[in-house]
Amino acid sequence: PYDMLVVGGGPAGAAAAIYAARKGIRTGLVAERFGGQVMDTVGIENFISVPYTEGPKLSAGLEQHVKEYGVDIITEQRAASIQRNQLLELELQSGATLASRSVVLATGARWRELGVPGEAEYRTKGVAYCPHCDGPFFKGKHVAVIGGGNSGIEAAIDLAGIVRHVTVLEFADTLRADEVLVRKARSMGNVDIITNAQTTAIVGDGKKVSGLHYTDRVSGESKALELAGVFVQIGLVPNTEFLRDSDVELNRMGEIEIDSRGATSLPGVFAAGDATTVPYKQIVISMGQGATAALGAFDYLIRSDIE
Ligand code: FAD
């Protein structure tokens, strides 16, 4: 068995694995894809002490740093469940089971989907989730951003510099984004914002997006917009479905409940990063949390007598 098994290979998982391996204990890391969300990121300007880097470069750095230690890395494997018998047992979707004395869960998060007709059908054919990645494909076109939180308004400001026009659709009657962002978006000549708008369908010609339908929640009227692209920016969902039937407690949003040492409700299981209740989902925060969870798990190990 491992002494510490890290689940996830993003910033949180990489940090946890490095902190664990540096204690000289048997450390494993299992991840579907090394790098996590960082792999989907273009410019990163808030990774402290590095004024500018890019996702793939930072991911390669994470992997290289973990590989400097004797960490047993298992990629392209998904965790399916976790339970405690004598040891902690992590079952993989492949059917294999990994045993460990402690576990750090760092499975991150993914984009939340709208769940309307046309969204899945036109994914990568006009429906996008990453403005940094896909914005340039819509140069000179009219696009919509669904969601008026920080990520939606940031996306609108970002896209406004590339595309012809951006329409933001927000379900609620007010925007949830920071005032400074809203002011900036409103000051741009090619951004308009529609509140009380419930997107009901994304439509197209079978090959690509041609628009969307929404209901005006005040008048009840159905409306249509002609568009080349739809950016869905309605938040992140934690990758914690595999924990639903476990003894690891999740909050209403599916985030793993942790204490200040990263401990979860299941003894020996710690967690870090975007998959947890941490309020701000960022690279530096995930790394700090990964270190905390590994140190918390190490503290647990030296106090426990499981051989
Ligand atoms: P993730 O990066 O999500 O990594 C999760 C890991 O777990 C992956 O290896 C994944 O494959 C694995 N995994 C998931 N489920 C399973 C499973 N069941 N079994 C096994 N493995 C699994 N933050 C910043 O600080 N600055 C930025 O500029 C910035 N820009 C961003 C831009 C975009 C487009 C996105 C999407 C995010 C951005 N973020 C940014 C946020 C940042 O990427 C995240 O906060 C950070 O990656 C979270 O790290 P994590 O390790 O918790 O999770």
Side-chain angles (χ1 to χ4, degrees), residues 1-36 62-108 238-250 255-276 286-307:
Y2 294 108
D3 291 315
M4 204 179 298
L5 179 61
V6 177
V7 190
I18 290 166
Y19 268 72
R22 286 170 61 77
K23 295 291 184 189
I25 59 177
R26 276 162 299 172
T27 306
L29 184 150
V30 55
E32 196 178 6
R33 180 180 71 148
F34 217 100
L62 290 176
E63 190 162 2
Q64 190 194 346
H65 197 170
V66 173
K67 283 185 170 160
E68 301 226 335
Y69 296 92
V71 176
D72 193 3
I73 300 174
I74 306 161
T75 55
E76 286 170 43
Q77 290 288 334
R78 280 183 70 83
S81 68
I82 187 166
Q83 58 174 335
R84 170 174 278 294
N85 285 312
Q86 177 73 347
L87 289 160
L88 290 159
E89 291 172 0
L90 185 82
E91 197 194 330
L92 303 180
Q93 268 180 6
S94 64
T97 299
L98 301 171
S100 186
R101 296 170 67 209
S102 70
V103 168
V104 174
L105 301 170
T107 47
N239 296 319
T240 55
E241 288 82 358
F242 71 103
L243 299 169
R244 269 193 198 137
D245 298 322
S246 75
D247 293 325
V248 176
E249 209 172 294
L250 307 178
E255 295 167 334
I256 304 167
E257 299 271 11
I258 52 168
D259 70 11
S260 58
R261 290 163 187 254
T264 73
S265 56
L266 181 58
V269 178
F270 292 72
D274 284 13
T276 73
S286 296
M287 287 183 174
Q289 274 207 312
T292 301
L295 294 175
F298 185 70
D299 252 357
Y300 163 85
L301 286 175
I302 59 180
R303 283 170 173 75
S304 75
D305 46 21
I306 304 161
E307 282 310 314

Exercise. Can you name the nearest heavy-atom pair linking A293 to A272, along with the distance?
Worked result: CB-CB, 4.0 Å
Problem set entry | Atom of V7, atom of A79 and distance for their closest heavy-atom approach | CG1-CB, 3.9 Å
Exercise. Once you round to the nearest 0.5 Å, how far does CG of N239 lie from CG of L105?
Worked result: 11.5 Å
Problem set entry | Non-hydrogen side-chain atoms of I25 and F298 separated by less than 4.5 Å | yes
Exercise. When rounded to the nearest 0.5 angstrom, what is the spacing between OG in S102 and CG in D299?
Worked result: 11.0 Å
Exercise. Is any side-chain heavy atom of S265 less than 4.5 Å from a side-chain heavy atom of D247?
Worked result: no
Exercise. Looking at E76, Q77, R78, which one forms a side-chain contact (heavy atoms from CB on, under 4.5 Å) with E32?
Worked result: R78
For this session: Measure across Y69 and A21 and return the closest heavy-atom pair with its distance rounded to 0.1 Å.
Result: CB-CB, 3.6 Å
Exercise. Within the side chain of T264, is there an N or O that forms a donor-acceptor pair under 3.5 Å with the backbone of V248?
Worked result: no
For this session: Measure the OG1-CG distance between T276 and L250 for me, rounded to the nearest 0.5 Å.
Result: 11.0 Å
Seminar exercise, completed: Nearest heavy-atom contact between L301 and D3 is CD1-O, 3.6 Å
Exercise. In Å, rounded to the nearest 0.5 Å, how long is the span from OG of S81 to CG of L243?
Worked result: 9.0 Å
Exercise. Which atom pair, heavy atoms only, marks the closest approach of A20 to A294?
Worked result: N-CB, 4.2 Å
Exercise. Got a second to check how far I74's CD1 is from L29's CG, nearest 0.5 Å?
Worked result: 8.5 Å
For this session: Mind listing the closest non-hydrogen atom pair of A271 and I256 along with its distance?
Result: CB-CG2, 3.8 Å
Problem set entry | Backbone of A12 reached by a side-chain donor or acceptor of S286 within 3.5 Å | no
Problem set entry | Stepwise side-chain contact (heavy atoms from CB on, under 4.5 Å) test for M287 and L62 | CA-CA 10 Å; M287 287 183 174; L62 290 176; 3.6 Å; yes
Problem set entry | Heavy atoms of other groups near D245 CG, more than 12 under 6.0 Å | no
Exercise. For E68 and I18, what are the C-alpha separation, side-chain angles and deciding distance, and is it a side-chain contact (heavy atoms from CB on, under 4.5 Å)?
Worked result: CA-CA 9 Å; E68 301 226 335; I18 290 166; over 6 Å; no
For this session: Side-chain contact test, heavy atoms from C-beta onward, threshold under 4.5 Å: evaluate it for L88 versus L5 and give yes or no.
Result: no
Exercise. Roughly how far, to the nearest 0.5 Å, is the OG1 atom of T292 from the OH atom of Y19?
Worked result: 8.5 Å
For this session: For the pair Q289 and I258, evaluate side-chain contact (heavy atoms from CB on, under 4.5 Å) and give the outcome as yes or no after the intermediate values.
Result: CA-CA 10 Å; Q289 274 207 312; I258 52 168; 3.3 Å; yes
Exercise. Heavy atoms, side chains only, cut-off 4.5 Å: are R101 and L87 in contact?
Worked result: yes
